[in-house]
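Single-structure report; data block below.
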Amino acid sequence: MSESDDDKPLKSSKKEPKPEEDDDDVPLKKAKSSKKENVQSQVKEENAPTAKESKKKKKTKRKRGDDDDDDDDDDEEDFDTRKKKAPAKKEKSSKSSSKSAKTDGKGQPKKPKKEVKVEPVYEWWKDEQPLAQGKKWRFLEHNGVIFPPNYEPHGVKMKYDGQIISLTPEQEAIATMYAAMSRTDYAGKDVFKKNFWKEFSEKLGKNHAIKDLENCDFQPIVDHLDAEREKKKALTKEEKLKIKQAKEKTEAPYVTVVLDSHLEKNGNFRVEPAGLFRGRGEHPKMGQVKGVIQPEDITMNCSEDACPPRCSLPGHAWQSLVHKDEQTWLAFYKDTINGEFKYVFLSAGSSLKGQSDREKFEKARELKKHVARIRQRITQGLKSSGLEMQQNTALWLIDNLAIRAGNEKDTNEEADTVGCCSLRVEHITLGTDEEGPTIYFNFLGKDSIEYKNLVKLRPKDEEKAKEGEENPCVSFVREGEEKNFRRVVENMRSLTSNSKKPSDDVFDQLNTSSLNTYLKDLMPGLTAKVFRTYNASFTLDQELYKLEDHPEKSSFLRNDATQLKFYNDANYQVAILCNHSRAVSKTFDSQVEKMDEKIKGLHEELADLKKKKKSADNKEQMKKKIANLEERISKQETQKQIKLKLAGVALSTSKVNYLDPRITVAWCKRFGNFPLNKVFNKSLITKFKWAIDEADEDWRF
DNA sequence: ACGCTGACTTAGAACATGGGGG
DNA sequence: CCCCCATGTTCTAAGTCAGCGT
């Protein structure tokens, strides 16, 4: 959002003492507001901390700049319900600024400006590791969850067979859920309709006038929903603001929680509203009603010495209250579709998430140290037979193609998707081309996203190699793996031989758990998914540092736009590797058309200008104009290229989950102090604060 | 050894926002 | 100024994998 405009370079920690950033980037003012809102808690000090605890707490505080004490007083007012009030501290993060933070934190004179909110972050990476093995916290206090409003019957009547039908509120509720999805793709799917009808007809009862779905007309309800939406849209700015503020106010107590002696943000304190289940792909349960969740369905977790979350629905109570300090969840319930667990966790920017995120990348870096050895082992194993051959062949695929492990799934309950271990014969096509053997993969992976990839040897012909490189559905075996690839193909041939049916498993002796057991032997803590993290991060690091002695280095460094493009191209390689995709916008074609027209128009203008130039007296001026226009055209054209290239590709998924943020931070610092906020948005900056602090320009993955 | 429960990460779509260009 | 689109945020589904109980 708003923050993107100030590009501030991140200081390279080494060279410049680093000026501000902290202060302007993290407005302390925010702190104040948040504190007051949440008010809820209480810092553990007040509760008779153990000696050890208090010590540690003290330390934390000190670091943060002792501001705690001064704010305590204010929380009180908002929170009647709690007996203890906590000083919700907002700590401003950076060292240098902490002192000032405290001072103005309270007074808060100014702040008329828009106010970019950057959440205060507890800088866990500056604390020494305090907790005992396995413990996630020593104090946890929060206000639980917030429920969606009860269903309010609107009384709009649907029709059946042309007749107006009255529904009970309960019936109306699910009819309305259906109406709400009338313009989605689900509405046309048989499974969706069938599942919905099953539940709807049950709710209608045996002798209801409505006998089938075909003759139901939900249009009146659809119209009603549209009208409601319009009404909402038509509100004035002020009204909208008011509503927003009211919402913020009610939600404020849930936004932050107290973890040990600091505040953290809750990631998802809103209980999921009832609705029709929207599974991805051909999900057998799409259209089923996802029921209302009651407090009685929810288990709460907090520390024993905390004030437990109070149930906000009168007459209700939590299912139970537990104190599991080896767990990071604040609450959970089971959904009514598959009985799956839904957890309430802290946000991505929290210390708990940050720490495990860092551990994830450290593990991937650990793999980097062992990967040569492990690959050697895999190479060996490719030549064996039976289970060992299967294990190593699968691992080769996981390592080289970055595919997922592939747990078994029950296709009566879930969509039929696969990963490595669950690949079936029908997903593989073996072939040959002028370079040698090929394997074509075509299957649905996680989220029913298509994975289509022709894996082959790199052509000698540079022209062809280039072509293949630009084709996202082709990948070349990486250098040094050619021989292994041939072996893998042979193995795949025997694993898919015609004694097997298309629906049989390729790796019939494998499952993810045995595979991971095998991996654990190769390196402690190693599992299949680590390869994805490792290969993604390694690829980014390699790609980014090609800039180091790139022949066109200076042209990439010419300005932010060109440098950003270089970064995005590297990011793109990773997205392709990991098969991260996104839906192409419905208006994509028309958008491209528009761009074409614009470009065409510019070309015409250019031609015109050139013609005029001949007869013009002020040639110099014309020349300038022409150059200008040419520049605009080329800009438009590259923009179009980018648009086409990224049409179905998501860069964000890898950024958020797979790429060690320190790679990016270091690269930015190293190459012209490139503004980090060009590549990381506000959320990522918050999420990766630890990395921003940690990586200097020499850091490498 | 294996199936199931539980906890946590990863994922794309839906939705909201707001800035730039006509 | 308005609208369109890009980008950011929220939502919740769908994976991975450990550990437990049988």
Side-chain angles (χ1 to χ4, degrees), chain A residues 1-5 114 136 148 180-181 184-186 229 232-233 240 244 267-273 275 277-281 283 285-286 290 299 301 324 326-329 332 334-335 337-348 352-353 356-357 359-360 403-410 413-415 417-422 444-449 511-517 519-520 525-530 532-533 536 578-583 585-588 590-591 594-595 598 639 642-643 646 648-658 680-684 686:
Chain A
M1 31 194 58
S2 50
E3 63 121 19
S4 43
D5 17 322
K114 176 100 111 301
K136 298 292 168 60
M181 292 179 70
T184 67
D185 291 346
Y186 290 102
R229 196 170 313 126
K232 223 166 121 189
K233 228 169 80 186
K240 284 185 194 159
K244 191 176 162 207
N268 54 319
F269 52 83
R270 297 179 195 92
V271 171
E272 294 175 19
F277 179 70
R278 302 153 90 105
R280 307 271 170 88
H283 199 294
K285 300 207 169 178
M286 64 170 79
K290 206 172 61 153
T299 297
N301 190 23
K324 302 195 172 190
E326 299 196 342
Q327 250 65 89
T328 68
W329 53 270
F332 83 84
K334 292 188 178 187
D335 76 7
I337 300 294
N338 277 343
E340 273 161 15
F341 288 73
K342 300 285 186 150
Y343 291 91
V344 174
F345 289 118
L346 294 182
S347 73
L352 290 178
K353 295 287 191 193
S356 63
D357 220 28
E359 276 162 27
K360 170 181 77 186
I403 55 183
R404 299 183 183 82
N407 285 316
E408 299 95 286
K409 296 180 76 178
D410 177 350
E413 312 276 305
E414 305 167 275
T417 65
V418 301
C420 188
C421 292
S422 48
L444 297 182
K446 182 178 180 179
D447 291 318
S448 297
I449 297 294
N511 61 45
T512 53
S513 110
S514 71
L515 193 67
N516 282 330
T517 305
L519 284 173
K520 216 125 287 169
L526 187 59
T527 64
K529 82 194 264 286
V530 181
R532 238 168 110 80
T533 312
C578 295
N579 201 41
H580 290 144
S581 66
R582 58 173 182 159
S585 145
K586 283 194 181 104
T587 55
F588 180 80
S590 78
Q591 287 170 25
K594 257 186 241 170
M595 286 179 113
K598 192 169 167 188
Q639 222 155 49
I642 291 170
K643 191 181 175 84
L646 295 179
V649 181
L651 300 185
S652 60
T653 307
S654 49
K655 235 185 233 181
V656 173
N657 300 299
Y658 287 102
F680 284 173
N681 62 29
K682 188 181 67 143
S683 307
L684 290 177
T686 303

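Both backbone and side-chain heavy atoms feed into the values below; hydrogens, waters and symmetry mates do not. Below, chains carry the letters A, B, ... as their sequence lines are ordered, and counting in each starts from 1. The model shown is predicted, which means the values in this text are computed figures rather than measured ones.
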Report task. Please work out if A:Q327 contacts a base, only the sugar-phosphate, or nothing of the nucleic acid, heavy-atom cut-off 4.0 Å. Result -> sugar-phosphate
**Report entry** Phosphate OP1/OP2 of B:dG21 contacted by A:K598 side-chain N/O (<4.0 Å)
**Finding:** no
Requested in this report: Mind checking A:K529 for me? I need base, sugar-phosphate or nothing, with any heavy atom below 4.0 Å counting as a touch.
Outcome: sugar-phosphate
Query raised in the report: Using a cut-off of less than 4.0 Å, is there contact between a side-chain N or O of A:N407 and OP1 or OP2 of C:dG15?
Result: no
Query raised in the report: Quick one: is A:T328 getting a side-chain N or O under 4.0 Å of the B:dC8 phosphate, OP1 or OP2?
Result: yes
Query raised in the report: For B:dC2, does OP1 or OP2 lie under 4.0 Å from any side-chain N or O of A:S513?
Result: no
Query raised in the report: At under 4.0 Å between heavy atoms, what does A:G419 touch on the DNA or RNA strands: base, sugar-phosphate, or nothing?
Result: nothing
Report task. Scan A:R229 against the nucleic acid and name what it touches under 4.0 Å (heavy atoms): base, sugar-phosphate only, or nothing. Result -> nothing
Requested in this report: For A:E408 and for A:Y186, find the nucleotide of DNA chain B with the closest heavy atom, then tell me which residue's nucleotide is more 5'.
Outcome: A:E408
Query raised in the report: DNA chain C: A:N268 or A:K409, which has the more 5' nearest nucleotide?
Result: A:N268
Query raised in the report: Within less than 4.0 Å of OP1 or OP2 of C:dT10, is there a side-chain N or O belonging to A:R270?
Result: no
Query raised in the report: Taking only N and O in the side chain of A:K360, is any of them less than 4.0 Å away from OP1 or OP2 of B:dT10?
Result: yes
Query raised in the report: Base, sugar-phosphate alone, or nothing: which one does A:S356 contact when heavy atoms must sit under 4.0 Å apart?
Result: sugar-phosphate
Requested in this report: Give a yes/no answer on whether the side chain of A:K290 brings an N or O atom under 4.0 Å of OP1 or OP2 in C:dA13.
Outcome: yes
Report task. Under 4.0 Å between any heavy atoms, over every strand shown, what does A:S581 touch: base, sugar-phosphate, or nothing? Just pick one. Result -> sugar-phosphate
